[in-house]
Protein chains: 2
Amino acid sequence: MTGKRITIRDVARSAGVSYQTVSRALNDKGEIDVSTKQRVLDTARELGYRPSRFARGLVRQDSTSIGLVIPNLLNPYFTEVASGALDAARKRDWHVVVYDTADDAGQEQSTLSMVGSQVDAVIGYFSQPDAVIDQYTSGMPVVQIGREDVTGRFGSIQVDGEDGVHAAIAHLAAGGRRRIGMLDYDYDEPSSRYQWYAEAMRERRLTGCVMPAAQSIEGGQRAMAAMLEAHPDLDAILTYNDVIAIGAMFQARLLGRRVPADMAVIGFDGLAIGNMVEPPLSSVRIDTRQVGAVAIDQVGQLLAGQRPEVAVIRAELMLRGSA
Amino acid sequence: MTGKRITIRDVARSAGVSYQTVSRALNDKGEIDVSTKQRVLDTARELGYRPSRFARGLVRQDSTSIGLVIPNLLNPYFTEVASGALDAARKRDWHVVVYDTADDAGQEQSTLSMVGSQVDAVIGYFSQPDAVIDQYTSGMPVVQIGREDVTGRFGSIQVDGEDGVHAAIAHLAAGGRRRIGMLDYDYDEPSSRYQWYAEAMRERRLTGCVMPAAQSIEGGQRAMAAMLEAHPDLDAILTYNDVIAIGAMFQARLLGRRVPADMAVIGFDGLAIGNMVEPPLSSVRIDTRQVGAVAIDQVGQLLAGQRPEVAVIRAELMLRGSA
DNA sequence: TTGAAAGCGATACCAC
DNA sequence: GTGGTATCGCTTTCAA
């Protein structure tokens with residue numbers, strides 16, 4: 001691709017020394033004549049020599065790198081998680097190779113197929129069945145985040161928002177909200193976030209209503225529009241995540257609702273961007289950077305030969321201004 | 001670290017074949033008996049065998065990976081650039097190793113020192129002097145983004161917002177704004193974005209005023225508060241970037257200004273989050289994902305042996321609602 | 001179909 | 001100080 005590779009031997013030949021000497025010069029070992037070293041370094045530079053990271057890695061058995069597979073880096077939730085993971089990885093001197101699958105199953109597959117040969121372990125949000133993932137990553141440590149059904153093969157990080165959602169509903173009810181809806185995600189089955197909502201509503205003998213939403217601002221807008229069309233008396237809304245909530249809030253205001261006076265909005269995730277909107281978004285908050293950090297920890301354990309386990313991160317109600 | 005490594009020979013011994021046969025089985029080559037293959041695959045799995053990516057990479061001289069060094073992944077500007085880079089890299093089947101230096105010079109140095117042995121080229125936002133970067137990356141292709149003074153050693157991507165800023169000032173002036181200020185960044189020297197602003201103001205014989213701001217929402221808030229304290233008659237503000245603008249807009253409203261009626265706000269970058277705030281943020285827009293894509297292109301050229309060049313991305317005024 | 005042997009590019013432990 | 005040699009783990013001819 002980039003022409004013929006310049007090896008350590010080329011440098012040696014050109015500098016008139018053996019290639020072991022070149023290695024010494026390059027790695028700043030002691031036992032070498034200063035002038036020889038300089039000469040070698042100079043010729044190496046002239047020739048544009050660059051050591052092969054593979055050859056080097058082969059002999060020095062250190063250096064760990066982790067693949068981080070994310071559906072969409074532009075979604076701030078994933079960015080926050082990634083940020084936490086990068087931070088935790090740095091502390092261990094690990095390298096993180098990031099892949100954005102653009103919410104696309106095909107790209108997820110192709111990523112899976114190429115990631116295996118590049119990294120020592122994988123962390124990711126996957127939509128493929130476990131069997132498929134296992135097939136592509138055979139033997140390699142894998143940590144899945146946010147997947148709700150867990151097999152024993154992979155490390156796993158779950159979010160437990162049950163108490164947080166109950167607290168959210170309690171808060172809304174205490175504020176006199178009568179008609180509390182939910183914008184869930186738009187997959188085949190209802191999310192566990194919806195389950196928590198449904199149960200909390202049931203406990204309080206409230207009737208809810210739900211609408212699926214694509215996970216984007218626009219998705220939230222559309223879903224909110226549909227929701228208000230179906231239920232004009234809605235006075236509070238809980239959403240699958242903050243991105244949807246922001247869209248929903250925006251749409252509610254477009255349709256003449258004041259937030260929070262006419263319409264209370266509570267998201268899920270507790271992202272930093274929730275502070276940028278007006279009013280600041282209340283949310284069931286996940287410690288997103290912690291999620292990334294715990295994922296790295298789990299990888300560390302798997303790499304050390306321990307068996308996969310499930311970590312649970314609790315999410316808690318955080319009130320800002322929208323409810 | 002993780003105990004003794006299981007090699008291809010271990011698998012071979014255990015399966016009662018030569019190690020070349022194991023290789024065949026693993027790589028799905030044709031010339032092998034189906035039952036043998038299955039047996040090998042099974043024992044490999046049992047033993048928990050995982051091929052060494054280094055040994056494999058050494059032999060198959062393909063696979064390129066790029067280091068992407070970013071000051072702060074939580075800043076949406078960098079996220080957008082990263083997203084563009086990841087996308088472009090995927091099209092070439094390149095791997096991207098991402099490093100977040102947390103706006104910290106020390107972390108930038110340590111990143112620089114570890115990145116060299118892991119990747120084939122580097123893209124990044126650096127604050128270190130070119131000489132330092134050169135030292136750590138000797139010989140390796142490097143593309144710098146956004147650095148304003150350019151040496152010949154590195155590829156470079158510049159943003160040209162001159163016309164965009166002039167258009168912004170023109171727009172504000174046409175709207176009857178009299179007192180147009182700027183919130184610049186808070187480094188030693190004024191940014192070129194400020195220069196463009198100053199020149200545009202001069203051309204129109206308008207007197208401006210400037211205030212430094214830290215690159216965060218809070219930084220924008222503080223700077224806007226200080227600015228309004230010093231110049232209560234301000235009726236428009238241009239900012240170094242969108243993040244600052246969002247903070248500034250928020251603060252302006254806290255201090256009783258209506259946006260855009262009393263105070264027009266124009267940011268710089270044109271980030272997607274500008275659409276989430278109320279009113280949507282007008283901005284001098286950079287095609288951020290394009291920046292990432294062009295960086296990858298430049299790396300491609302450097303890797304192919306071409307000499308470094310400077311790419312210029314033009315930024316243009318994009319009106320949304322805040323001005 | 002399978003096994004033997006030759007590298008890939010670099011490091012490390014020896015002698016010299 | 002410097003060079004020889006083994007070695008890292010794997011893929012790929014080339015014989016058998």
Side-chain angles (χ1 to χ4, degrees), chain A residues 1-41 43-44 47-65 116-120 138-140, chain B residues 1-41 43-44 47-65 116-120 138-140:
Chain A
M1 173 184 270
T2 153
K4 218 169 143 24
R5 168 163 212 114
I6 296 156
T7 77
I8 197 171
R9 294 166 210 266
D10 296 324
V11 178
R13 195 175 314 123
S14 182
V17 294
S18 76
Y19 65 91
Q20 299 82 339
T21 302
V22 176
S23 176
R24 282 195 194 88
L26 259 35
N27 295 291
D28 222 20
K29 298 283 180 189
E31 322 156 312
I32 185 175
D33 189 278
V34 191
S35 68
T36 313
K37 176 171 173 180
Q38 194 52 53
R39 181 158 43 95
V40 170
L41 255 28
T43 54
L47 264 45
Y49 165 74
R50 297 223 326 98
S52 148
R53 62 172 201 274
F54 294 115
R56 186 170 266 174
L58 186 54
V59 54
R60 301 212 279 251
Q61 301 264 170
D62 44 7
S63 117
T64 310
S65 60
S117 56
Q118 287 288 319
V119 300
D120 303 302
S138 53
M140 182 178 329
Chain B
M1 172 183 275
T2 154
K4 220 170 140 28
R5 170 163 211 112
I6 295 156
T7 77
I8 196 172
R9 292 167 211 266
D10 297 323
V11 179
R13 195 175 315 124
S14 181
V17 295
S18 74
Y19 65 89
Q20 298 85 338
T21 301
V22 177
S23 175
R24 281 197 195 88
L26 260 35
N27 295 291
D28 221 21
K29 298 284 179 189
E31 323 154 311
I32 185 175
D33 188 278
V34 190
S35 69
T36 314
K37 176 171 172 180
Q38 194 53 52
R39 180 159 43 95
V40 169
L41 256 28
T43 55
L47 264 44
Y49 165 74
R50 297 224 321 98
S52 148
R53 65 196 155 95
F54 293 115
R56 188 169 263 175
L58 188 54
V59 152
R60 305 211 278 249
Q61 303 262 169
D62 44 8
S63 115
T64 306
S65 61
S117 56
Q118 287 289 322
V119 300
D120 303 303
S138 52
M140 181 179 326

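Order of the sequence lines fixes the chain letters, A, B, ..., with proteins taken first and strands second; residue numbering starts at 1 for each chain.
- Counting only residues at least two apart or on different chains, no salt bridge (charged side-chain N to carboxylate O under 4.0 Å, His left out) pair has a member in residues 54-65 of chain A.
- Residues passing the side chain to side chain donor-acceptor pair (under 3.5 Å) test with B/S52, sequence neighbours excluded: none.
- With sequence neighbours left out, the side chain to side chain donor-acceptor pair (under 3.5 Å) criterion links B/R50 to no other residue.
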Please table the atom pairs, donor to acceptor, closer than 3.5 Å between any side-chain atom in residues 11-19 of chain B and protein atoms at least two apart or in another chain.
{"residue": "B/R13", "atom": "NH1", "partner": "B/D10", "partner atom": "OD1", "Å": "3.3"}
{"residue": "B/S18", "atom": "OG", "partner": "B/Q20", "partner atom": "OE1", "Å": "3.0"}
{"residue": "B/S18", "atom": "OG", "partner": "B/T21", "partner atom": "OG1", "Å": "3.2"}

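- Remark: A/I8 CD1 to A/L47 CG distance equals 12.5 Å, nearest 0.5 Å.
- The side-chain heavy atoms of B/V119 and B/M140, taken from C-beta on, include a pair separated by under 4.5 Å.
- Nucleic acid contact for A/K37: none, since no nucleic acid atom lies under 4.0 Å from a heavy atom of the residue.
- Rounded to 10 degrees, the angle separating the terminal axes of the helix from C/dT1-D/dA16 to C/dC16-D/dG1 is 40°, with each axis obtained from five end pairs.
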What's touching nucleotides 14-16 of chain C from the protein side, N or O pairs under 3.5 Å?
none

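- Under the salt bridge (Lys or Arg N to Asp or Glu O under 4.0 Å) criterion, A/D28 pairs with A/K37, not counting sequence neighbours.
- Listed by residue number, the members of residues 9-22 of chain B with any heavy atom below 4.0 angstrom from DNA chain D are B/R9, B/Y19, B/Q20.
- Taken from CD in B/Q38 to OG1 in B/T43, the straight-line distance is 10.0 Å, to the nearest 0.5 Å.
- Every residue meeting the side chain to side chain donor-acceptor pair (under 3.5 Å) condition with A/S23, not counting sequence neighbours, appears here in chain and number order: A/N27.
- Contacts between chain A and DNA chain D, taken as any atom within less than 4.0 angstrom of a protein heavy atom, begin and end at D/dG1 to D/dG9.
- Residues passing the side chain to side chain donor-acceptor pair (under 3.5 Å) test with B/S63 are A/Q118, sequence neighbours excluded.
- Taken residue by residue, residues 47-58 of chain B places heavy atoms nearer than 4.0 Å to DNA chain C at B/L58.
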